[in-house]
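A note on names: the letters A, B, ... follow the listed sequences, proteins ahead of strands, and every chain is numbered from 1.
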Protein chains: 2
Amino acid sequence: MKKSKTRFAVLGILSYGPMSGYDIKKFYEQNVAGFWSESYGQIYPILKRLATEGLATRSVHKQEGKPDRHIYALTAKGLEELQQWLVAPTGRHIGRHETLLKLMFGQQISLAQNIRQIERFRDRQKGELTEIEALKQRFQQEEVEDPNMPFWQLAFSYGEHVNRAYIKWAEEAIATLREMEPKAPVSTSPKVRYSIHC
Amino acid sequence: MKKSKTRFAVLGILSYGPMSGYDIKKFYEQNVAGFWSESYGQIYPILKRLATEGLATRSVHKQEGKPDRHIYALTAKGLEELQQWLVAPTGRHIGRHETLLKLMFGQQISLAQNIRQIERFRDRQKGELTEIEALKQRFQQEEVEDPNMPFWQLAFSYGEHVNRAYIKWAEEAIATLREMEPKAPVSTSPKVRYSIHC
DNA sequence: TAGAGCATGTAATAGGTTACATGATTAG
DNA sequence: CTAATCATGTAACCTATTACATGCTCTA
């Protein structure tokens, strides 16, 4: 059976301070959009479970004009479970990369169309790189004394390294494709190989 | 509603030639392990659907001593649908990156333990890089005249670029963490911040 | 003789997203 | 006046993995 990491994503974010489900969602959306996401359908039931299991405490904060906030705070037991996960070896997870998958079947469309796809990919990653730089700036200005800062910096650095690699690969790939002479036009019947050596 | 890409992963692989569900699974396992995977529970039902929808034809190949092979071949209609997907813009997909997520909560464990995790990540990616090089060699030797070759090369190049970036980031991150003086020991009660500016 | 490979397939289960319900307030 | 923000929560749905059933052959 496969273990969900959402539980730890929630537990972990609670280590930043007491929070509501709404806050957690917002945090992942606004700050970690690049490599993690969570939906309400997961967050709220998990928070409830964490409370019944004694890993977090729940308190209701009344507000006027706005709905009540249900604030969850990590307990010592919750921290312990979080720490156990943090030090445990991380299993490798195969992310599905749609652009690369499409490229595997690039034979079935024209060179120009393949280039178009890689350009789209490159442009998206360029945008992401810009966003990361902006976020980095914002964080360095606003949260100077936060003890988590060094780790956020590492995450930003990761985003920079990886996105630069994406962009460099894309540029090279586009150049390679451009150099290939556009031979036979795209077929309307499958181009098949009748022997695959597996 | 969210659209599954498995359908196209199957359709696409059939563009390489007529194949069985077993072959498809093997292909993804052995050649594309880095960025895509499929399970029988998905493949077989989809093949059945493709046949009823006229996107693929099915023929049974009897064997002695072994179970029959159900071979599926792409039809013109199937190729058309594949091509439509191949040229359509690719939506961005947020892969969940467990090592990075753990790093976000690195405050809750020791510096040494954080370094340990990044080292594990680095070593895994080093292994992956080695595998990619080996696969690249094997492909270049065995399948010289395959028309899909240039696209496979691009996929290999992608793997090299990205894994080198992973490794470089990891080395830098480890160096950064090593330079940080190991201050207060790890807490057994949550280190919290009571203000998060969102 | 135990296990791996061949080969197809399904059922149970887990994981996750989306849409909806509720309802007040505030900004454009 | 419309849309967004605040805020919690659930039900329906889709996607995907795992385990199992079947059964033969070949290898260690």
Side-chain angles (χ1 to χ4, degrees), chain A residues 1-10 18-30 33 35-52 56 58-72 91-98 101 196-198, chain B residues 1-10 18-30 33 35-52 56 58-72 91-98 101 196-198:
Chain A
M1 260 127 267
K2 215 181 150 192
K3 268 246 149 181
S4 168
K5 285 138 238 156
T6 297
R7 182 185 171 82
F8 299 105
V10 171
M19 242 182 267
S20 69
Y22 191 83
D23 293 335
I24 293 171
K25 178 83 193 308
K26 222 172 45 164
F27 183 89
Y28 278 105
E29 259 172 14
Q30 298 185 345
F35 62 87
W36 205 268
S37 73
E38 292 297 347
S39 58
Y40 290 132
Q42 293 265 100
I43 292 170
Y44 284 120
I46 280 175
L47 281 173
K48 208 179 251 181
R49 276 205 70 195
L50 291 180
T52 58
R58 169 182 167 143
S59 55
V60 178
H61 291 225
K62 295 233 158 83
Q63 298 182 117
E64 27 184 303
K66 290 177 188 173
D68 295 352
R69 283 167 57 77
H70 296 192
I71 302 295
Y72 292 82
R92 136 180 151 122
H93 157 256
I94 310 149
R96 296 178 136 203
H97 197 305
E98 203 179 337
L101 183 69
I196 293 196
H197 330 297
C198 296
Chain B
M1 259 128 266
K2 216 182 152 191
K3 268 246 150 179
S4 168
K5 285 138 238 156
T6 298
R7 181 185 174 80
F8 299 106
V10 171
M19 242 182 266
S20 70
Y22 192 82
D23 294 334
I24 293 172
K25 177 85 194 305
K26 220 170 50 164
F27 183 90
Y28 278 105
E29 260 173 12
Q30 297 185 345
F35 61 87
W36 205 269
S37 73
E38 291 298 347
S39 58
Y40 289 131
Q42 293 267 98
I43 293 169
Y44 284 118
I46 280 176
L47 281 173
K48 210 178 249 181
R49 277 206 70 195
L50 291 180
T52 59
R58 168 182 167 145
S59 55
V60 177
H61 290 223
K62 295 232 157 80
Q63 298 184 117
E64 26 183 306
K66 291 175 187 173
D68 296 351
R69 282 167 59 76
H70 296 192
I71 303 294
Y72 292 83
R92 138 181 150 119
H93 158 254
I94 311 148
R96 298 179 133 202
H97 197 307
E98 202 179 337
L101 183 68
I196 294 196
H197 330 299
C198 294

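- Distances shorter than 4.0 Å separate some side-chain N or O of A:Ser20 from OP1 or OP2 on D:dT8.
- Heavy-atom minimum distance, A:Leu50 versus A:Arg7: CD2-NH1, 4.1 Å.
- In this structure, the nucleotide among C:dG9, C:dT8, C:dG16 sitting nearest to the side chain of B:Tyr72 is C:dG9.
- In this model, the phosphate group of D:dA7 is not approached by any side-chain N or O of A:His61 to a distance below 4.0 Å at OP1 or OP2.
- The side chain of B:Arg58 has C:dG9 as its nearest neighbour among D:dC6, D:dT10, C:dG9.
- Between B:Lys66 atom NZ and D:dC26 atom C1' there is a gap of 10 Å when expressed in whole angstrom units.
- Summarising the geometry, the separation between CD on B:Glu29 and C1' on C:dC6 is reported as 13 Å, rounded to the nearest angstrom.
- Relative ring orientation between B:Tyr40 and B:Tyr22 is described as parallel, the plane-to-plane angle staying below 30° on a 0-90° scale split at 30° and 60°.
- Contact annotation: A:Tyr40 side-chain N/O to D:dG9 OP1/OP2 distance is not under 4.0 Å.
- Rounded to whole Å, the distance from NE2 on B:His93 to P on C:dG16 is 11 Å.
- Within the 3.5 Å criterion, the main-chain N or O of A:Ala9 finds a donor-acceptor partner in the side chain of A:Tyr28.
- Taking 4.5 Å as the limit, every side-chain heavy atom of A:Ile24 sits out of range of all side-chain heavy atoms of A:Glu38.
- Between A:Gln63 and the phosphate of D:dC6, there is no side-chain N or O to OP1/OP2 separation shorter than 4.0 Å.
- Taking only side-chain nitrogens and oxygens, B:Thr6 never comes nearer than 4.0 Å to OP1 or OP2 of D:dT15.
- For B:Lys26 and C:dC6, the NZ to C1' distance is 9 Å, given to the nearest whole Å.
- Residue A:Ser39 is classed as a base contact, given a heavy-atom separation below 4.0 Å to a base.
- With distances taken from any side-chain atom of A:Pro67 to the nucleotides C:dT8, D:dC6, D:dG9, the minimum falls on D:dC6.
- The nearest whole Å value for the distance from the NZ atom in A:Lys25 to the P atom in C:dA19 is 12 Å.
- Regarding B:Phe8, its CZ atom lies at a distance of 12 Å from the P atom of D:dA16, rounded to whole Å.
- In this model, the phosphate group of C:dT10 is approached by a side-chain N or O of B:Lys48 to a distance below 4.0 Å at OP1 or OP2.
- Atom OH in A:Tyr22 sits roughly 9 Å away from atom C1' in D:dA4 (whole-Å rounding).
- For C:dG16, one of the phosphate oxygens OP1 or OP2 lies less than 4.0 angstrom from a side-chain nitrogen or oxygen of A:Ser4.
- One interatomic measurement links the two molecules: CG of A:Asp68 to P of C:dA24, which rounds to 14 Å at whole-angstrom precision.
- Dense packing is recorded around CZ of B:Arg92, with more than 12 heavy atoms of other residues, nucleotides or ligands lying under 6.0 Å away.
- Contacts of A:Arg96 with the nucleic acid, taken as non-hydrogen atoms under 4.0 Å apart, involve only primed sugar atoms and P, OP1 or OP2.
- When distances are taken from the side chain of B:Gln42 to each of D:dA7, C:dG5, D:dT15, the shortest belongs to D:dT15.
- For the residue pair B:Ile94 and A:Ser37, the shortest heavy atom distance occurs at CD1-CB, 4.2 Å.
- When the side-chain nitrogen and oxygen atoms of B:Ser37 are compared with OP1 and OP2 of D:dA16, none of them lie within a distance under 4.0 Å.
- The side chain of A:Tyr44 contributes an N or O atom lying less than 4.0 Å from OP1 or OP2 of D:dT8.
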